[in-house]
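In what follows, a single structure is set out as structure tokens and then discussed.
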Amino acid sequence: MGRRRAFDEDEVVRAAVGLFGGRAYDGVSVDDLVTHLGVHRNSLYKTFGSKRGLYLVALRRHLADDVRPLAEALATATDAASALRLVASADLGLLLLAAVERAPADEEVAAEVAEALAALDQAIADALGISTALAAALTAAALGLRLRGTPEDAGAALAHRLDPLN
């Protein structure tokens with residue numbers, strides 16, 4: 001009979017979301033995972049199969065816990081400015097890093113990212129009564145501001161320029 005697991009898998013996955021969301025997949029080694037998550041190497045492999053396995057579980061958790069609620073909130077946006085503010089204030093670190101780092105090289109990650117972005121686009125389109133293509137451009141602009149680390153006043157200026165959409 002095997003030993004009981006000495007860690008809370010849910011807590012480990014949440015911590016992995018933060019670690020991968022802060023440093024990206026390639027910026028996190030297995031040693032980093034063992035050290036920061038408090039999980040023995042063998043337990044990590046037994047539970048998640050690999051670093052990539054843990055990454056996929058963490059990405060899916062991030063999409064469920066952070067991105068899906070954002071899409072739900074976006075569905076209630078009354079104008080482009082409020083949609084931009086919602087995106088600007090959301091915790092999207094892992095989604096953004098997955099989109100630029102892993103999605104180009106990993107089809108499974110690319111599919112998860114594409115589905116999440118499509119959900120955001122659709123929520124904005126439905127809330128604002130605009131085409132999905134225009135909503136995708138709005139999503140891309142908001143995420144681009146996040147990627148560039150542009151101050152919030154740039155987001156407000158963009159929202160002001162988008163005022164005719166309302």
Side-chain angles (χ1 to χ4, degrees), residues 1-77 82-127 132 135-136 138-140 142-150 152 155:
M1 181 146 114
R3 290 185 355 192
R4 273 186 34 156
R5 193 177 294 167
F7 64 91
D8 181 327
E9 187 173 330
D10 192 54
E11 288 178 20
V12 166
V13 172
R14 264 186 269 206
V17 167
L19 197 57
F20 286 124
R23 292 205 246 158
Y25 181 84
D26 288 337
V28 176
S29 68
V30 173
D31 287 338
D32 291 332
L33 292 170
V34 168
T35 300
H36 289 91
L37 304 180
V39 177
H40 293 283
R41 185 180 300 268
N42 290 342
S43 296
L44 183 130
Y45 284 112
K46 184 175 182 180
T47 304
F48 301 105
S50 64
K51 173 184 159 182
R52 181 179 179 274
L54 174 57
Y55 177 82
L56 288 171
V57 171
L59 176 61
R60 289 179 181 126
R61 170 65 59 81
H62 172 62
L63 298 177
D65 291 354
D66 300 313
V67 179
R68 186 175 301 129
L70 172 61
E72 291 167 2
L74 285 169
T76 66
S82 62
L84 279 170
R85 278 192 291 281
L86 285 168
V87 173
S89 66
D91 176 9
L92 299 176
L94 185 49
L95 173 64
L96 293 172
L97 288 172
V100 298
E101 181 198 31
R102 297 302 308 153
D106 187 321
E107 289 181 18
E108 198 168 357
V109 172
E112 295 285 349
V113 168
E115 184 177 328
L117 293 176
L120 296 177
D121 297 342
Q122 192 62 56
I124 290 172
D126 292 346
T132 306
L138 184 60
T139 303
L143 294 176
L145 289 171
R146 295 287 306 269
L147 281 173
R148 294 183 68 171
T150 305
E152 194 168 314

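FYI, the numbering just counts along the sequence from 1.
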inquiry  = Can you classify the ring geometry of Y25 versus F20 as parallel (below 30°), tilted (30 to 60°) or perpendicular (above 60°)?
reply    =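 If you compare the ring of Y25 with that of F20, the planes turn out parallel.
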
If every non-hydrogen atom of [X] is compared with every non-hydrogen atom of [Y], which pair is closest and at what distance?
X    : Y    : result
G21  : L97  : O-CD1, 3.1 Å
A119 : A71  : O-CB, 4.1 Å
V113 : A99  : CG1-CB, 3.8 Å
A103 : V109 : N-CG1, 3.8 Å
A127 : A77  : CB-O, 3.4 Å

task = Test L92 against L70 for side chain to side chain contact (heavy atoms under 4.5 Å, CB included), laying out the working first.
result = CA-CA 9 Å; L92 299 176; L70 172 61; 3.9 Å; yes

query = Which is it for L37 and L54 under the side chain to side chain contact (heavy atoms under 4.5 Å, CB included) test, yes or no, and what are the steps along the way?
reply = CA-CA 11 Å; L37 304 180; L54 174 57; 3.7 Å; yes

Is [Y] close to [X] at the side-chain level, that is, under 4.5 Å between some pair of heavy atoms?
X    : Y    : answer
V28  : Y55  : no
K46  : S43  : no
R102 : E112 : no
L143 : L117 : yes
E9   : V57  : no

Nearest-0.5 Å distance that lies between atom [atom1] in [X] and atom [atom2] in [Y]:
X    : Y    : atom1 : atom2 : result
H36  : D31  : NE2   : CG    : 11.0 Å
L59  : R52  : CG    : CZ    : 10.5 Å
L95  : D66  : CG    : CG    : 9.5 Å
D91  : H62  : CG    : NE2   : 5.5 Å
E101 : D106 : CD    : CG    : 10.5 Å

request  = For the pair R68 and L63, evaluate side chain to side chain contact (heavy atoms under 4.5 Å, CB included) and give the outcome as yes or no after the intermediate values.
outcome  = CA-CA 6 Å; R68 186 175 301 129; L63 298 177; over 6 Å; no

message = Donor-acceptor pair, distance only, cut-off 3.5 Å: does the side chain of T76 make one with the backbone of A73?
response =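 Here the side-chain-to-backbone pair exists.
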
query = If only atom types and distance count, is the side chain of T47 paired as donor or acceptor with the main-chain N or O of L44 below 3.5 Å?
reply =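 No; zero donor-acceptor contacts below 3.5 Å.
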
task = Test F48 against V12 for side chain to side chain contact (heavy atoms under 4.5 Å, CB included), laying out the working first.
result = CA-CA 11 Å; F48 301 105; V12 166; 4.1 Å; yes

inquiry  = The test is salt bridge (Lys or Arg N to Asp or Glu O under 4.0 Å); show your working for R60 and E108 and say whether it passes.
reply    = CA-CA 11 Å; R60 289 179 181 126; E108 198 168 357; 2.7 Å; yes

task = Determine the sole option in I124, D121, V87 for which the side chain to side chain contact (heavy atoms under 4.5 Å, CB included) test with L138 is passed.
result =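 Filter result, single survivor: I124.
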
request  = Using only heavy-atom distances, determine whether the side chains of D32 and S29 contain a donor-acceptor pair under 3.5 Å.
outcome  =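 Result is yes, a qualifying pair exists.
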
